[in-house]
Amino acid sequence: MKTKKQKAFLFLKISSVVLLIGIVLLFAFRNTLLNQVIHRIDTKLDRVYQCHLTIEKAEFHGLTNIEFQHVYLVPKQADTLVRIDELKTSINFWKLLVGDIQLGKLEINKGFIQLVKTKNGSNFDAFLRSKKEKIDNTEVNYAKLLNRITSRLLNLIPTDMSVKGFAFRLDDKGNKVVFDFNQLALADKKLNTVIQVTAADFSQQWTLNGFADPRDRKADLQFYNAANDTIKIPYLDKKWNLKTGFKSIHFNLENLAMDSGELHIDGYSSIQNLFVNHAKIASKDVEVQNARFDYHWLVGARTMDLDSTSTLQLNSIKCQPYLSYTNEKDKVYVLKLKIPKMASQDFITSLPTGLFRHFEGMEAQGNFSYALHFEYNNHKPKDIIFESKLNPEGLKITKYGEADLNKINGEFVYRAIDNGILQRPILVGNSNSNYTPLIEISPYLQKCVLTSEDPSFFNHRGFINEAFKQSIAKNIRTKKFSRGASTISMQLIKNVFLTREKTLSRKLEEILLVYILENNHISTKQRMLEVYFNIIEWGPNVYGIGEASQFYFQKRPSELSLNECLFLATIIPKPKGFMYRFDTEHQLKTFAQQQNTFLTKLMLRRKVLIETDTTGSSPITISGPAKLFLKQKTPIAETDSIVNGIEEFEF
């Protein structure tokens with residue numbers, strides 16, 4: 001009778017023999033098996049992606065080395081997607097036995113991948129169509145899923161690689177770019193790549209060099225122009241009118257590993273001399289000299305976090321960001337950002353040039369720190385958290401840039417910009433006969449406009465946190481920018497010192513200038529409101545309340561009735577479309593009357609008005625030059641809603 005030890009040895013011997021027989025059979029029939037695998041792949045590509053795979057020669061050399069010649073992947077009735085003249089590779093045999101593919105060496109000689117898009121479609125359409133499979137997202141473990149995906153991708157990167165004469169081509173309806181890999185070599189964990197990039201009237205040579213270890217999941221790579229010049233990205237300019245480029249990029253991956261059920265991703269990325277030019281960003285090039293992102297990502301079973309130990313640096317500005325996404329019973333989004341104490345002047349000089357052109361040349365004293373906390377729960381949208389705190393220490397503007405905020409306190413010339421066209425000059429001051437001091441503007445109009453545009457104007461410092469919360473909640477809920485949170489202070493800055501262009505630059509400048517105006521006590525609230533009433537647009541080529549009261553009612557601003565003030569307040573969002581609020585009898589249409597009623601009730605509820613204020617009110621009568629607009633029989637578009645007219649804020 002055999003002992004347990006003898007049985008174990010016998011089992012190992014039998015297993016070894018079986019494995020050896022399997023290896024011998026695999027070796028003997030390896031080419032037959034390889035061709036069968038290729039046939040199955042071709043059948044699936046034909047069925048799922050309507051593509052045909054052709055390989056003129058495919059054979060093993062030894063047990064792990066494979067050679068392919070003349071490989072073609074051609075979609076039906078479309079341009080060739082992939083062509084490879086010669087491909088040699090080796091596969092990790094032991095990984096293959098457990099179902100994983102891990103490439104050892106890879107050699108590619110001549111070929112291309114090309115993406116071609118025409119007016120009739122593209123040669124890659126089929127690969128973009130998502131499979132309609134229902135996935136129970138509540139069961140997905142983010143850490144395990146991401147770890148599995150990255151493992152498979154990194155296993156497909158060979159430890160030794162040589163690519164010559166291979167190109168990536170892009171043809172988007174005649175917008176062509178070719179990336180020729182003159183050299184791509186990975187040996188002894190060192191990557192050396194030279195790419196010739198060619199487009200219409202464009203040619204550059206790019207270099208990607210550094211350390212790369214796909215098995216240990218580490219990399220340290222630098223991407224730059226071989227001529228030590230700025231890398232310019234082609235294709236984007238003709239596709240989206242986006243011009244962008246940079247001097248160099250440094251990418252470092254220090255750690256990518258599972259630990260205690262969490263996937264840790266650590267490293268940093270930096271970029272030098274980045275420039276971006278797009279009409280939606282700014283009117284000229286936006287430039288950043290140096291930016292660096294040190295990241296520590298933590299991915300759990302149902303969470304994704306950017307740890308607070310991460311840092312983001314923009315020139316001399318250093319931030320500590322924190323991001324969190326939790327998907328359990330509720331979806332919770334968290335964003336925190338801290339700027340530790342820094343000199344105000346260092347902050348100003350570190351701002352991207354071109355993005356804050358009105359700050360160029362500005363000088364400041366003192367220090368400040370900043371903290372932002374945002375949190376949103378999809379099942380508790382009303383409990384949204386939005387806290388923005390700036391803590392100044394002796395902060396003082398000693399010299400203004402292009403936007404001299406002090407001018408608001410004196411007489412100045414205002415010129416509106418409408419659709420990019422500079423309008424006639426308006427003198428803001430007593431030298432203008434239409435200029436109206438605040439004390440001579442009907443209290444009803446002041447109350448109506450403040451209630452509809454900015455109820456807490458005299459109490460806030462430029463921003464209303466609650467309005468921001470409601471705005472963010474609605475924009476997230478509707479998945480589009482459907483509501484802003486603009487205050488009178490912000491509208492004033494936009495009109496007097498900036499332009500009406502809808503760019504990221506204008507919005508960012510607006511926020512910073514409002515803070516400076518409101519928190520440095522440059523002007524009084526009364527003066528700000530007075531200027532606001534005297535510059536805003538009230539109709540076609542009608543600016544300021546002095547012109548508006550004459551244009552509509554042939555009155556002075558102090559003589560306006562409550563109903564007339566209600567009308568003027570409700571047309572502020574769309575002053576040029578005032579005529580659509582009237583019917584053919586020159587009476588307010590139902591929706592316009594409802595707006596006035598809504599605003600009146602709101603003012604009564606807030607005790608801005610009392611019941612006697614509404615006694616004896618009569619319908620408004622347009623008697624001024626505006627009456628001529630009502631005679632035009634233009635199709636009436638009742639698009640204004642009560643809520644949009646009263647409670648929405650302009651971007």
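Residue numbers start at 1 and run along the sequence shown.
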Of all residues at least two apart in sequence or in a different chain, which pass the ring-ring contact (aromatic ring centres under 6.0 Å, His included) check with [X]?
X    : value
F246 : F223
F533 : none
F368 : F347

Are Q365 and T398 close enough, and set up right, to give a side chain to side chain donor-acceptor pair (under 3.5 Å), and what steps lead you there? CA-CA 7 Å; Q365 295 177 347; T398 57; 5.2 Å; no

Would you find more than 12 non-hydrogen atoms of other residues, nucleotides or ligands less than 6.0 Å from [X] atom [atom1]?
X    : atom1 : result
Q289 : CD    : no
K407 : NZ    : yes
K396 : NZ    : no

Checking the side chain of [X] only, and the main-chain atoms of [Y] only, is there a donor and an acceptor separated by less than 3.5 Å?
X    : Y    : answer
T244 : F275 : yes
S310 : L306 : no
S505 : L355 : yes
S456 : N459 : no
E547 : G544 : no
Q550 : G624 : no
S269 : F293 : no
N273 : V288 : no
K243 : L236 : no
D583 : H586 : yes

What I'd like to find out is whether the side chain of [X] reaches to under 4.5 Å of the side chain of [Y], using heavy atoms alone.
X    : Y    : answer
T326 : R302 : no
F497 : I408 : yes
L405 : Y400 : yes
Y515 : P392 : yes
L372 : F386 : yes
N541 : R424 : yes
Q345 : M362 : no
N327 : Y325 : yes

Nearest-0.5 Å distance, [atom1] of residue [X] to [atom2] of residue [Y]:
X    : Y    : atom1 : atom2 : result
D330 : N377 : CG    : CG    : 4.0 Å
L560 : I620 : CG    : CD1   : 11.0 Å
R415 : L427 : CZ    : CG    : 13.0 Å
H278 : L504 : NE2   : CG    : 12.0 Å
L588 : Q594 : CG    : CD    : 11.5 Å
E411 : N430 : CD    : CG    : 6.5 Å

On a heavy-atom basis, which atom in [X] and which in [Y] lie closest, and how many Å separate them?
X    : Y    : answer
L450 : I488 : CD2-CD1, 3.7 Å
Y370 : S388 : OH-OG, 2.7 Å
N378 : Y376 : CA-CE2, 3.8 Å
S308 : Y322 : N-CD1, 3.9 Å
S369 : P340 : CB-C, 4.1 Å
R357 : S283 : NE-OG, 3.9 Å

Check against side-chain contact (heavy atoms from CB on, under 4.5 Å), E518 and H460: CA-CA 9 Å; E518 288 273 20; H460 67 63; 4.1 Å; yes

Does K589 make a cation-pi contact with F582, if we ask for NZ or CZ under 6.0 Å from the ring centre and within 45° of the axis? no

Ion pair check, [X] and [Y], cut-off under 4.0 Å:
X    : Y    : value
R527 : E530 : yes
K507 : E510 : yes
K555 : E564 : yes

Step-by-step side-chain contact (heavy atoms from CB on, under 4.5 Å) determination, Y543 to Q423: CA-CA 10 Å; Y543 295 93; Q423 303 299 298; 3.5 Å; yes

Decide whether N290 and N315 meet the rule of one side-chain donor and one side-chain acceptor closer than 3.5 Å.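 On atom types as modelled, these side chains do not qualify, holding no pair under 3.5 Å.
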
Please check if any side-chain donor atom of E453 sits under 3.5 Å from a side-chain acceptor atom of Q491, or the reverse. yes

Close aromatic pair by centroid cut-off 6.0 Å: F374 and Y333: no

Run the side-chain hydrogen bond (donor to acceptor under 3.5 Å, both in side chains) test against H521 and tell me which residues pass, sequence neighbours left out. none

Name all pairs fulfilling the salt bridge (Lys or Arg N to Asp or Glu O under 4.0 Å) condition that reach into residues 335-352, sequence neighbours left out, sorted by first residue then second.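 For residues 335-352, and leaving out neighbouring residues, the salt bridge (Lys or Arg N to Asp or Glu O under 4.0 Å) pairs sorted by first residue read K341-E393.
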
Set out, in order, the CA-CA distance, both residues' side-chain angles and the distance that settles side-chain contact (heavy atoms from CB on, under 4.5 Å) for E375 and I384, then state yes or no. CA-CA 6 Å; E375 190 167 334; I384 189 171; over 6 Å; no

Derivation of the ring-ring contact (aromatic ring centres under 6.0 Å, His included) call for F567 and Y552: CA-CA 10 Å; F567 166 77; Y552 292 106; 5.3 Å; yes

Under 3.5 Å, sequence neighbours excluded: what are the donor-acceptor pairs made by side chains of residues 437-449?
{"residue": "S442", "atom": "OG", "partner": "Y444", "partner atom": "N", "Å": "3.2"}
{"residue": "Y444", "atom": "OH", "partner": "D613", "partner atom": "OD1", "Å": "3.0"}
{"residue": "Q446", "atom": "NE2", "partner": "L438", "partner atom": "O", "Å": "3.1"}
{"residue": "Q446", "atom": "NE2", "partner": "I441", "partner atom": "O", "Å": "3.0"}
{"residue": "K447", "atom": "NZ", "partner": "V608", "partner atom": "O", "Å": "3.4"}

